[in-house]
**Student:** 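After the structure tokens below, expect a handful of questions from me.
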Amino acid sequence: MLASQVRCPAGLQQRRGCGVAVPSKPGAATARISALPLPMLAPAMRQRSIKLAASAAGAASSGGADDKKDLPVPAGEAAAADAPVQYSADFIRRRLLVFIGIVIGYSSYYLTRNSLTYTAPVMVADASLHMDITQIGAMTSIFPIAYGMSKFVSGVLGAKFSPSVLLAGGLMATAAVNIAFGFGTSLAWFCFFWALNGTLQGVGGPCCARILTTWFASKERGTYWGMWNIAHNLGGFAAPLVAGGFAKAMGWKWGMWAPGIIGLVVGAFVLLVCRDKPEDIGYPPVEPTDKDKGKGKAEKPKADIWGSLLNSVLKNPFIWGMALTYFFIYVVRQGVTSWFVFYLIKEKGIEDAAQAAVRVSGLELGGLVGSLIAGRLSDALIRNSNGKGGNVGKRVTVVMWYTVGIAAALLSFQALPSAVPAAIQWFNVFMIGFFLYGPQMLIGLCGAELVGPDSVGASEGFLGWIAYLGAANAGIPLSIIVKEYGWNAYFSTLVGACAIALLLLSPMTKLRSYVQREAAKAERLAKGQ
């Protein structure tokens, strides 16, 4: 039963944080029940509490009205709204292992995703391949199209499969593709396997989102989602070291084989340590679920895959609002990563790509710090609201603050004179990354919290698909803008994308999460009885 559904009978008082209600004058039996541990119990104590609850239920069914007072009643979410989340040490250790698994696992997805970027220069230099930059461009153009569609399809279809198995299996499959890529010698071979890699890469994100939403409660989810989001930066940081380093030292084939071998090993590790949800290994859920609403009620039949997509995602106007916001945020993100090096060379007089890359290197580091702070900041807003307002709306507010920061940092970078020291340019790029990666992380979290647990994968897949359509529009369209109208028009386009994102977000600052909506619905039903 959800917290807001619970109505304590006369003579009962609720014990905050313990998950039970006890009589105001406890007897011997109820004293044992009142001693039940906090929501996350060690396995042996969990079994004992289940037996106690079962025996109390049996007594209630055979006894009178007074006997029903001894029944343990789940504490409501509303009753515990102000209490900090408390877990047993055993649960914390197990959850940490799952979290490490998804962070390292998704980092390895980025390693196998970016391997070609740092191997390609060595491939072009290999005379036996007869390749030029145009052929490399053909391969890299295929990838985002395949990846965006894959993220959507895997998010929808993946709802019927184990996310931990899909996460590990997808990683090992993309690792095998990297290895197969290294055995090729023709453009057709390379294009086929790189498109296949894009198709498999889309599995990772929705699976991690599903695991995060089942292992972490709303009040702490932003912090951990932000910490998980650093997997993007860890993988992006490791790719040039692994792929680029091996390609330079041992040839381009090893630039693909080394990430592939690492992916196979990490995939096996993820399969070993990750579990879909706490209930799979004997822990209770971190938040109330439909099963907690009470026994005796007929369970609603689950919608099929496409029904879930249609009803929970495509018919939700706020999911569309988040998706369109994601589109414009990704226009900015891809526009920055694809064109800043060229801008520094053409407009700021930087001599070569290596020096320009040093100045742009602060983007990923800034993104790492910005993601962590954005998650903690949104969690703090939720905790300090004392249950008032919408949890998703609090996160949207942080996204809006960060989006204003993106626009300001972009204008600052444009205004910097050419003679400014490299350290100042680096710091400006750091701040762009800081503000840019916060919205990228939080919009995905908002999309996950807006829908029910069974639709998280579909929501993340849909958002990811629209986001990568935005990334695709940062390629040829922005190149035409730069060529025809110059770099001032380029920056105006990026700032304009930030402005549109703010307009799309403005009606969503009071949005409630799925858990909040279900609790409010249950409370209305309880009052009507």
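All values derive from a computational prediction rather than experimental measurement. Excluded from the calculations below are hydrogen atoms, water molecules and symmetry mates; all remaining heavy atoms, backbone and side chain alike, are included.
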**Student:** Specify the closest pair of heavy atoms between Ile211 and Ile102, including all atoms of both residues, with the distance to one decimal.
**Tutor:** CD1-CG2, 3.9 Å
**Student:** Do Trp252 and Phe190 make the cut of ring centroids closer than 6.0 angstrom?
**Tutor:** yes
**Student:** Sub-3.5 Å donor-acceptor pair from the side chain of Arg395 to the main-chain atoms of Leu445, do we have one?
**Tutor:** no
**Student:** Got more than 12 heavy atoms from elsewhere within 6.0 Å of CZ, Phe435?
**Tutor:** yes
**Student:** Keeping Tyr109 on the side-chain end and Val203 on the backbone end, is there a donor-acceptor pair under 3.5 Å?
**Tutor:** no
**Student:** Does Asn428 use its side chain to pair, donor to acceptor, with the backbone of Ala409 at less than 3.5 Å?
**Tutor:** yes
**Student:** Between Arg221 and Phe216, is there a donor-acceptor pair closer than 3.5 Å when you use the side chain of the first and the backbone of the second?
**Tutor:** yes
**Student:** Could you give the distance from OG (Ser150) to CG (Leu196), rounded to the nearest 0.5 Å?
**Tutor:** 9.5 Å
**Student:** Looking only at atom types and distance, does a side-chain atom of Gln425 sit under 3.5 Å from a main-chain N or O of Ala422, one as donor and one as acceptor?
**Tutor:** no
**Student:** For residues Tyr87 and Glu220, is any side-chain donor paired with an opposing acceptor at under 3.5 Å?
**Tutor:** yes
**Student:** Checking side-chain polar atoms at under 3.5 Å, does Tyr514 have a donor or acceptor matched by the opposite partner on Arg517?
**Tutor:** no
**Student:** Could you go through the side chain to side chain contact (heavy atoms under 4.5 Å, CB included) check for Ile350 and Arg359 one step at a time?
**Tutor:** CA-CA 10 Å; Ile350 305 302; Arg359 288 165 169 79; 3.4 Å; yes
**Student:** ring-ring contact (aromatic ring centres under 6.0 Å, His included), that's the test. Do Phe491 and Trp339 meet it? Break it down for me.
**Tutor:** CA-CA 11 Å; Phe491 279 98; Trp339 297 104; over 10 Å; no
**Student:** Does Lys253 use its side chain to pair, donor to acceptor, with the backbone of Gly182 at less than 3.5 Å?
**Tutor:** yes
**Student:** Is there a donor-acceptor pair under 3.5 Å between the side chain of Ser412 and the backbone N or O of Ala408?
**Tutor:** no
**Student:** Enter the distance from Ser108:OG to Leu171:CG here, rounded to the nearest 0.5 Å.
**Tutor:** 5.5 Å
**Student:** Give me the atom names and distance for the closest heavy-atom approach of Leu436 to Ile329.
**Tutor:** CD1-O, 4.1 Å
**Student:** Do Asn473 and Gln334 have side-chain N/O donor and acceptor atoms under 3.5 Å apart?
**Tutor:** no
**Student:** Hey, does Met131 have a side-chain heavy atom less than 4.5 Å from the side chain of Asp126?
**Tutor:** no
**Student:** To check you understand the geometry: which heavy-atom pair defines the closest contact between Gly260 and Ala175, and what is its length?
**Tutor:** O-CB, 3.1 Å
**Student:** Provide the closest heavy-atom pair for Ser218 versus Asp379 in the form atom of the first, atom of the second, distance.
**Tutor:** O-OD1, 3.8 Å
**Student:** So do the side chains of Met123 and Leu116 get within less than 4.5 Å of each other, counting heavy atoms only?
**Tutor:** yes
**Student:** Does any part of the side chain of Met139, heavy atoms only, come nearer than 4.5 Å to the side chain of Cys191, both counted from C-beta?
**Tutor:** yes
**Student:** Can you name the ring-ring contact (aromatic ring centres under 6.0 Å, His included) partners of Tyr118, sequence neighbours left out?
**Tutor:** none
**Student:** So, are Arg210 and Glu460 salt-bridged, with charged N and O less than 4.0 Å apart?
**Tutor:** no
**Student:** What is the distance from atom CH2 of Trp225 to atom SG of Cys208, rounded to the nearest 0.5 Å?
**Tutor:** 9.0 Å
**Student:** Distance check, rounded to the nearest 0.5 Å: Trp401 atom CH2 versus Leu442 atom CG?
**Tutor:** 11.5 Å
**Student:** Gln440 and Ser371: side-chain donor and acceptor closer than 3.5 Å?
**Tutor:** no
**Student:** Is Lys348 atom NZ crowded by more than 12 heavy atoms from other residues, nucleotides or ligands, each under 6.0 Å away?
**Tutor:** yes
**Student:** Quick one, Trp254 and Ile261 - any side-chain contact, counting heavy atoms below 4.5 Å?
**Tutor:** yes
**Student:** Where does the angle between the aromatic ring planes of Trp189 and Phe193 fall among parallel (under 30°), tilted (30 to 60°) and perpendicular (over 60°)?
**Tutor:** tilted
**Student:** So, for Thr403 and Cys498, which heavy atoms are closest and what is the spacing to 0.1 Å?
**Tutor:** CG2-O, 3.5 Å
**Student:** What pair of heavy atoms forms the shortest contact from Met400 to Leu502, and how long is it?
**Tutor:** O-CD2, 3.6 Å
**Student:** Could you tell me if the side chain of Asp276 sits less than 4.5 Å from the side chain of Thr214, heavy atoms only?
**Tutor:** no
**Student:** Nearest 0.5 Å please: distance from the CD1 atom of Ile481 over to the CG atom of Asn488.
**Tutor:** 12.5 Å
**Student:** Taking the side chain from Tyr326 and the backbone from Gly464, do they hold a donor-acceptor pair closer than 3.5 Å?
**Tutor:** no
**Student:** Check step by step if side chain to side chain contact (heavy atoms under 4.5 Å, CB included) holds for Val270 and Ile104.
**Tutor:** CA-CA 8 Å; Val270 170; Ile104 297 177; 5.9 Å; no
**Student:** Test your reading of the model: is there a side-chain donor-acceptor pair from Asn114 to the backbone of Ala239, 3.5 Å cut-off?
**Tutor:** no
**Student:** Under 3.5 Å, side chain of Asn384 to main-chain N/O of Ala380, donor-acceptor pair present?
**Tutor:** yes
**Student:** Below 6.0 angstrom between ring centroids: does that apply to Tyr224 and Trp228?
**Tutor:** no
**Student:** Is there a side chain to side chain contact (heavy atoms under 4.5 Å, CB included) between Val331 and Phe327? Walk through the geometry before answering.
**Tutor:** CA-CA 6 Å; Val331 167; Phe327 178 95; 4.0 Å; yes
**Student:** Is it the case that the side chains of Asn391 and Gln516 hold a donor-acceptor pair, with the cut-off being a distance below 3.5 Å and no angle test?
**Tutor:** yes
**Student:** Check whether the ring centres of Phe413 and Phe340 lie less than 6.0 Å apart, and answer yes or no.
**Tutor:** yes
**Student:** Is any side-chain heavy atom of Leu96 closer than 4.5 Å to a side-chain heavy atom of Arg93?
**Tutor:** no
**Student:** For the residue pair Phe99 and Leu212, establish whether any side-chain heavy-atom pair is separated by less than 4.5 Å.
**Tutor:** yes
**Student:** State, yes or no, whether a side-chain contact exists between Ile100 and Val273 at a heavy-atom distance under 4.5 Å.
**Tutor:** no
**Student:** Determine whether the aromatic ring centres of Phe181 and Trp194 lie less than 6.0 Å apart.
**Tutor:** yes
**Student:** What about Trp320 and Phe462, are their ring centers closer than 6.0 Å?
**Tutor:** yes
**Student:** Just by distance, no angles: are the side chains of Tyr437 and Glu364 close enough, under 3.5 Å, to form a donor-acceptor pair?
**Tutor:** yes
**Student:** Walk me through whether Phe434 and Tyr402 qualify under ring-ring contact (aromatic ring centres under 6.0 Å, His included).
**Tutor:** CA-CA 8 Å; Phe434 178 94; Tyr402 267 63; 5.6 Å; yes
**Student:** Check the pair Gln414, Tyr343 against side chain to side chain contact (heavy atoms under 4.5 Å, CB included), reporting the backbone distance first and the verdict last.
**Tutor:** CA-CA 10 Å; Gln414 181 188 16; Tyr343 171 73; 4.2 Å; yes
**Student:** When the aromatic ring centroids of Trp426 and Phe430 are compared, is their separation below 6.0 Å?
**Tutor:** yes
**Student:** What pairs with Leu241 under side-chain contact (heavy atoms from CB on, under 4.5 Å), at least two apart in sequence or on another chain?
**Tutor:** Phe237
**Student:** To the nearest 0.5 Å, how far apart are CG in Asn229 and CE in Met227?
**Tutor:** 12.0 Å
**Student:** For atom CZ of Phe318, is the number of surrounding heavy atoms from other residues, nucleotides or ligands below 6.0 Å larger than 12?
**Tutor:** no
**Student:** Ignoring hydrogens and geometry beyond distance, is a side-chain donor-acceptor pair present between Asn178 and Thr112 at under 3.5 Å?
**Tutor:** no
